[in-house]
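Below is one structure, written out as structure tokens; the observations come after it.
Note on naming: letters A, B, ... go to the chains in the order of the sequence lines (proteins, then strands), and numbering restarts at 1 for each one. The structure presented is a predicted model; accordingly, all values stated were derived computationally and were not measured.
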Amino acid sequence: MSNVRVRFAPSPTGGLHLGGIRTVLYNYLFAKKHGGKFVLRIEDTDQGRYVEGAEEYIMECLKWINIEPDESPANPGTYGPYRQSERKANGIYQQYAEQLIRDGHAYYAFDTPEELEAMRQLHRTDANPTPQYDHKLRKQMRNSLSLDAETTKRLLDEKTRYVVRIKMPENETVGFTDMIRGEVNFETSLIDDKVLLKADGMPTYHLAVVVDDKLMEITHAFRGEEWLPSAPVHILLWKYLFGFEHMPKWAHLPLILGPNGKLSKRDGAKYGFPVFAMNWTDPKTNELTEGFREKGFLPEAFINLLALLGWNDGSEKELFTLTELIHQFSMERVHSAGAKFDYEKARWFNHEWIKLLDADKLTKAVVPLLKAEGIETKDEDFILQVIKTVRDRCTLLPDFVTQSSFFFKAPISWDLPAVKPKWNADKEKFFHLFAEELDATPDWQSAFIEDAFKTIAALQQIKPGELQLPFRIMLVGGKFGPPVFDIAAIIGRKETIARIKSAVKAFSE
RNA sequence: GGCCCGUUCGUCUAAGGGCUAGGACACCACCCUUUCACGGUGGUGAUACGGGUUCGAAUCCCGUACGGGCUACCA
């Protein structure tokens, strides 16, 4: 199977939250697994308006998670255009809409927004809170089915604004096989006459997705479960326009849920976790939505946690590289129920990846954060060593700053309440002797430093345990970090002695 | 309201008619560690409910309840 073409069209506001990216991921994994192409169509409009910077944002997100589309605006093949904003230009949707009208599957509707609202007002009851423009009501509206041919022609000649609506059959069962859910059926009598072409000439999603998928020769179409109710419209359009034999196989992916239903952009701010891949600032409102990248997630972890939210390979394995995911992925193993997003587990994935990732790669990710804190990062060997010794205690990338800054700079302050109460002249003397001994130690290694420490402690008849905490606080400033003697070994003889001396002074004041 | 989808520990999930329903996150305890972590061992904890079918049901069927989605000239 090498002719698979899967398509995904992320939009800037809705498309790149967790659910959207997982959909991209699954599209990508499926295409790669089956040797096919992953084609990206950019939804750079929102509510019909062009969104500044959307395309760049989307492409950067995909680059971050290392998913490069085989075809996209930046990397076109022969099936473009790849931008939502280019859709209207070629007039192709208009052409298909007119074909549907000629064949009796669609019609012109001249109703103004006010008239539509009036209709809804009129028919709204408790039993029917959302009246539909459907086969029962369309006869009462102003359209080419209710109006005579002459009037229709006159309205069109007068350039009256119109939309094209699908003419839903009155009594048919429309069904299809979903790759995840199996057979799904709908009664057309209950479905409304969806708008296919808007008054401005733009297609709605319903027309666009069918026409695009055909023109792009898409074989598999995966999207969120929220699209399931409109699937019958798309099935019917395929039947009318191109025939079922060309229709892609569908899969409706389960939703990713927040604490209250479908995960929304707002949930992030509300519950303190990111919902977008990267920071996104809405150009109109200037509102910032936080991203996983900026929060300190590794792309490897992000992909991993997303893939496992609703899918597993049947074993107990939880940690997968992108390559492994491509090998193992199968749409049949995607869970059909929605998954509630658990930020704690997401953090766990990142922690695992921080422990797992190649140290050089990890260093590359951490260095910019250290730089931002004004930490000098020229000595690569030194940084690598530091990162290796602190990685186990870091969950998010910014943890590296707090966990390692003392390797680069002496502490600015010490946790005095932790030492002062038990500080005395004997201990002060010990550290004087210890500093002298360190100055003379031939080899500067963790084990030698520890030996010196214990020997002098024995000589002075102080338990080493009572001295380790003060020593740690001298080097680190607080009660955290890797083993003290390792820290001393890494920061070096001169620096260790200097920190002991300045701390002893402060402790004895 | 109508339509559609769904329902296994608090959360993500495994088990596709047959062992004491398995794992992971989180939580708790212990061990390791004279810091904080990592790690190790163990523990608490689930098949929504009611009917069928069957020798046998988490698994198949029906109903109920609950949850979610959709119901725009948004996607």
To the nearest angstrom, how far is [X] atom [atom1] from [N] atom [atom2]?
X: A:R181; N: B:rC3; atom1: CZ; atom2: C1'; value: 15 Å
X: A:Q403; N: B:rC36; atom1: CD; atom2: P; value: 12 Å
X: A:L137; N: B:rU71; atom1: CG; atom2: P; value: 18 Å
X: A:D193; N: B:rA72; atom1: CG; atom2: C1'; value: 14 Å
X: A:L228; N: B:rC70; atom1: CG; atom2: C1'; value: 9 Å
X: A:F485; N: B:rU34; atom1: CZ; atom2: C1'; value: 10 Å
X: A:F480; N: B:rU34; atom1: CZ; atom2: P; value: 19 Å

Please state whether the rings of A:F176 and A:F186 are parallel, tilted or perpendicular, taking 30° and 60° as the class boundaries. parallel
Do any N or O atoms from the side chain of A:R499 and from the backbone of A:L475 form a donor-acceptor pair under 3.5 angstrom? yes
Within the structure shown, what part of the strands sits under 4.0 Å from [X] by heavy-atom distance: base, sugar-phosphate, or nothing?
X: A:G310; answer: sugar-phosphate
X: A:A337; answer: sugar-phosphate
X: A:R120; answer: sugar-phosphate
X: A:D111; answer: base
X: A:H351; answer: sugar-phosphate
X: A:T130; answer: base
X: A:F341; answer: nothing
X: A:R124; answer: nothing
X: A:V195; answer: sugar-phosphate
X: A:P483; answer: base
X: A:V484; answer: nothing
X: A:L197; answer: nothing
X: A:N185; answer: sugar-phosphate

Closest listed nucleotide, where the reference is the side chain of [X] and the choices are [options]:
X: A:K463; options: B:rU11, B:rU34, B:rU13; answer: B:rU34
X: A:S11; options: B:rU71, B:rA75, B:rC73; answer: B:rA75
X: A:V184; options: B:rA24, B:rC4, B:rU11; answer: B:rC4
X: A:S336; options: B:rU13, B:rG10, B:rG6; answer: B:rG6
X: A:L255; options: B:rA26, B:rU13, B:rG69; answer: B:rG69
X: A:Y205; options: B:rG68, B:rC4, B:rA75; answer: B:rA75
X: A:E316; options: B:rG22, B:rC4, B:rA75; answer: B:rG22

Can you tell me if [X] touches the phosphate of [N], counting only side-chain N or O atoms and a distance under 4.0 Å to OP1 or OP2?
X: A:R165; N: B:rC73; answer: yes
X: A:H206; N: B:rC74; answer: no
X: A:K198; N: B:rC74; answer: yes
X: A:N312; N: B:rA14; answer: yes
X: A:R393; N: B:rU33; answer: no
X: A:K479; N: B:rA37; answer: no

As an exercise, state the distance from CG of A:L253 to CZ of A:R223, rounded to the nearest 0.5 Å. 10.0 Å
Using a 90° cut-off around 0 for syn, call B:rC9 syn or anti. anti
I'd like to know whether CD of A:Q461 has more than 12 heavy-atom contacts from other residues, nucleotides or ligands below 6.0 angstrom. no
Name the residue from A:W311, A:F222, A:F8, A:F329 that meets the ring-ring contact (aromatic ring centres under 6.0 Å, His included) definition with A:Y26.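 Of A:W311, A:F222, A:F8, A:F329, ring-ring contact (aromatic ring centres under 6.0 Å, His included) with A:Y26 is met by A:F329 alone.
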Quick check on RNA chain B: between A:E43 and A:E187, whose nearest nucleotide comes earlier from the 5' end? A:E187
Nearest-nucleotide wise, let me know which of A:L309 and A:S230 is further upstream toward the 5' end of RNA chain B.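 Comparing both residues, the 5'-ward one is A:L309.
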Looking only at the aromatic ring of each residue, does the gap between the centers of A:F292 and A:F302 stay below 6.0 angstrom?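 Close enough - the centres of the two rings lie under 6.0 Å apart.
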For the residue pair A:H17 and A:F341, is the inter-centroid distance of their aromatic rings smaller than 6.0 Å?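 No, they do not, as the ring centres are separated by 6.0 Å or more.
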Using atom C1' in both nucleotides, what's the gap between B:rU35 and B:rA21 to the nearest angstrom? 42 Å
How far, in whole Å, is B:rC74 from B:rC66 if one measures between their C1' atoms?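 Straight-line distance between the two C1' atoms is 30 Å.
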Going through the distances and angles, do A:W353 and A:F297 end up as a ring-ring contact (aromatic ring centres under 6.0 Å, His included)? CA-CA 9 Å; A:W353 271 102; A:F297 279 79; over 10 Å; no
